[in-house]
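Inspection log for the structure reproduced underneath, given as structure tokens.
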Amino acid sequence: MRPSNVIAAMILVGSAGLAAQLPEARLVTPQDLMDGLKDPTRWLTYSGDYSGHRHSPLAQITPENVGRLTPQWTFQTRTLGSFQATPIVVDGVLYVTGFNNNAWAIDARSGRQIWRYRRTLPEDLKICCGPVNRGFGVLGDRLFMATIDAHLVALDMKTGGVLFDVELADAKAGYSATVAPLVVKDKVIVGIAGAEYGIRGFIDAYDAQTGKRAWRFYTVAGPDDPGGRTWPTGDAYLHGGGSIWVTGTYDPQQNLVFFGTGNPGPDYYSNAREGDNLYTTSLVALDADTGARRWHYQFTPHDVHDWDSTQVPVLADLTINGQPRKVVMFANRNGFFYTIDRETGKVIVAKPFVETTWANQIGPDGRPILSPGHLPDEEGTKTCPDLGGGTNFMSPSYDPTSRLFFVTARETCATYYAFDQKFKPGEEYTGGGTQRPRDQKNFGALRAIDPVTGDRKWEFRYTSVSSSGVLTTASGLAFAGDGDGNIMAFDSRTGKNLWHYQLGFPMSATAGTTYMLDGRQYLLVPSGSVLTAFALPER
Amino acid sequence: MRIVVRGFVCFAILAAGNARAAGVGTGQAAGAQKPPAENPAAHNPHLGNRESINAGMMLYRIRCADCHGLDAAGYRGPDLTAVVAGGATDERLYDTIRKGVPGTDMPPSSKETPDDDILQIVAYLRNLGTVAPPERPVGNVTNGERLFASECQSCHRIAGKGGRLGPDLTRIGAARSRAALVREIRTPSAWMAPGYETVTLVTKRGQRIRGTKKNDDVFSIQIMDTRERIQGYLKADLQDVIYENVSLMPTFGPERLNERDLDDVIGYLSTLRGTETAAR
């Protein structure tokens, strides 16, 4: 053996010896996903856990010391477009998706890139709202991303290499996907978007190993399906919308997944689709193994204001009127907050959390009692809230200790117009439009709601409309952003503002996540094309 | 799936679209270039056709109005009445709608979008442009210019001359109808453009600073004060921030500006159609 070979062999032996002392990389198991945030070094699902609480048990950062929170690093994507994703955190590494389905693995200690995934996308994508993405799902050593050209890709967590790439639907026909997958047991559950292009929406489950489709639930009932008569005869259901673009939640006890569904198509022109238009603008409870519908509740029958019900369904166990109830809480784009029995789909509480001129209350049958004069037409009708809704895709949060539900509320109004529009494949199919009245002073607020009564406990008003999600922690903090680029911390019991930092770009559809690393609690905030990591100063 | 921002919408950065149309940066050898195909807007059969304009209005409202406003005066996207009246050719409008503007919210049209759809939208926009701005100046333009110099110029700038507290009016004749000009002169507080809303800051020492609000959030406010000083303040350092619903622009009612003088001022403003760059 020549001297150089001896040295090489020594290095190899030494490396192997060193590697043996390091912990094995852990796979993410279905049980880990069930456990949610019990392991505080990880953040494994869109909302942190299956319940959709976006509530961390971490308590190093407190109302007393949050004022000392300081940036530790920033990560810039060096691409156009903004984050709408929640990063996944696994053992010191962040996995995050961005504009045009770019994706990165990032060192959670330093903000330095480890790998990057780039996707070649068709040039003429038919998308209403930008090539955005809301994040990865994870299982084993695989990451799952729905793509704007309507595919589902599985990536190798260690390299970003593609493991499978399957088509969900035809992107040329206006189908697209932005949702962060929900991984349940061995299945990856995703939904399709494109209601502004006359698609027929669905929720799909795919085998996490093979990428083979396990089931599909159409969010627009066909003529022979239950609910099929809520559409006119003919092919209206084939263009009926019902997009899925925000991640659902999962109840292991009932083995049910809950998803909010999007608006019917065309958005505004109601004559094209007389009837309730099931299962659009609804909450659907589906068997996680088969996709069979257990129950549904339609928030806005025959929606004509583009009020997708694609918000996060938040699961909790509450005591209401002395009785223990398993509920799902839902702050809807239509401006109402709902507490619903998640075993039956029956409404327990429904109350506006913003100004709602189109309806003041929900009747005993669960249907909104409509106010006259809010059907869009060619001349325009003014309705509150606007098409952006009382809230939207920004995640709410629920603190199971204080039993408060936190939501970013939008106080807005719009003039809605509707026109007859014929469906043309691949063409935008909305049948109308909206405009903000010039004298309209919109604003946003962070609001805390008691889900037992629907009453507001406190609010913090912003000077602008915000699209920021909310994160709460066990130490009694709520983190949220305004529409002006500030990330703020609040006392979650009182709404008192305790800290803020100007990010330079507002959080839009993003929310904070938090994790422990090397004994320090980090707050991670995506805004614009930047991730900013905050922590308390090291002593 | 629409959230707030819409597809097939904004006309952002028309200049960028122009650069692309002109082949800037294509890197092709001059001799290898094919003769460019004629722009469909060069012979737009829909111009001036009432039915086409109505169809274009519907397409515009559905596809463009979310960003550009139902009156095309701009919402999130640019003011298209000003773009059209400011000299954008039909070919340029067509190119921007067809190709979009990379790196902005303005996406390209799908390949399946018929030329007719775009040409109808162009006809609609062109019709807007011919209804509002090209009104024949009425009144005595010379007297209007004199009145402007004495009553308005300390706050309004034209072609680099004048004050900066109020909006730059270099292109106002192209951007506003006569009715809008009358409204904004007679009742300036009825609607204050963003960036020109009146605010008074009260310092902890009781000093009052009045100006126009340029920006603000929960924690800070940025203004131009009446001495044209731009400055930001932390709200925590102030005793009070008073958002006023009265414009800093005086109300020019008939007692201050009679009908004839109003005609003269508007006559003068209508001539300001502006090739020189106005501050936006």
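Every chain is numbered from 1 and lettered A, B, ... according to where its sequence line falls, protein lines coming before strand lines. Everything quoted here is computed from the prediction, not taken from an experiment.
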Atom group of Lys424(A) that falls short of 4.5 Å from chain B, counting heavy atoms: side chain
Phe460(A) versus chain B, the contacting section by heavy-atom distance below 4.5 Å: side chain
Which atoms of Tyr462(A) approach chain B - backbone, side chain, both or neither, heavy atom under 4.5 Å: both
Under 3.5 Å side-chain donor-acceptor pair for Thr178(A) and Asn133(A): no
Region of Glu378(A) in contact with chain B, defined by heavy-atom distances below 4.5 Å: backbone
Short side-chain donor-acceptor distance under 3.5 Å, Asp115(B) and Tyr94(B): yes
Working for salt bridge (Lys or Arg N to Asp or Glu O under 4.0 Å), residues Glu411(A) and Arg461(A): CA-CA 10 Å; Glu411(A) 291 287 1; Arg461(A) 281 201 187 198; over 6 Å; no
Exercise: do Asn334(A) and Thr300(A) side chains pair donor with acceptor under 3.5 Å: yes
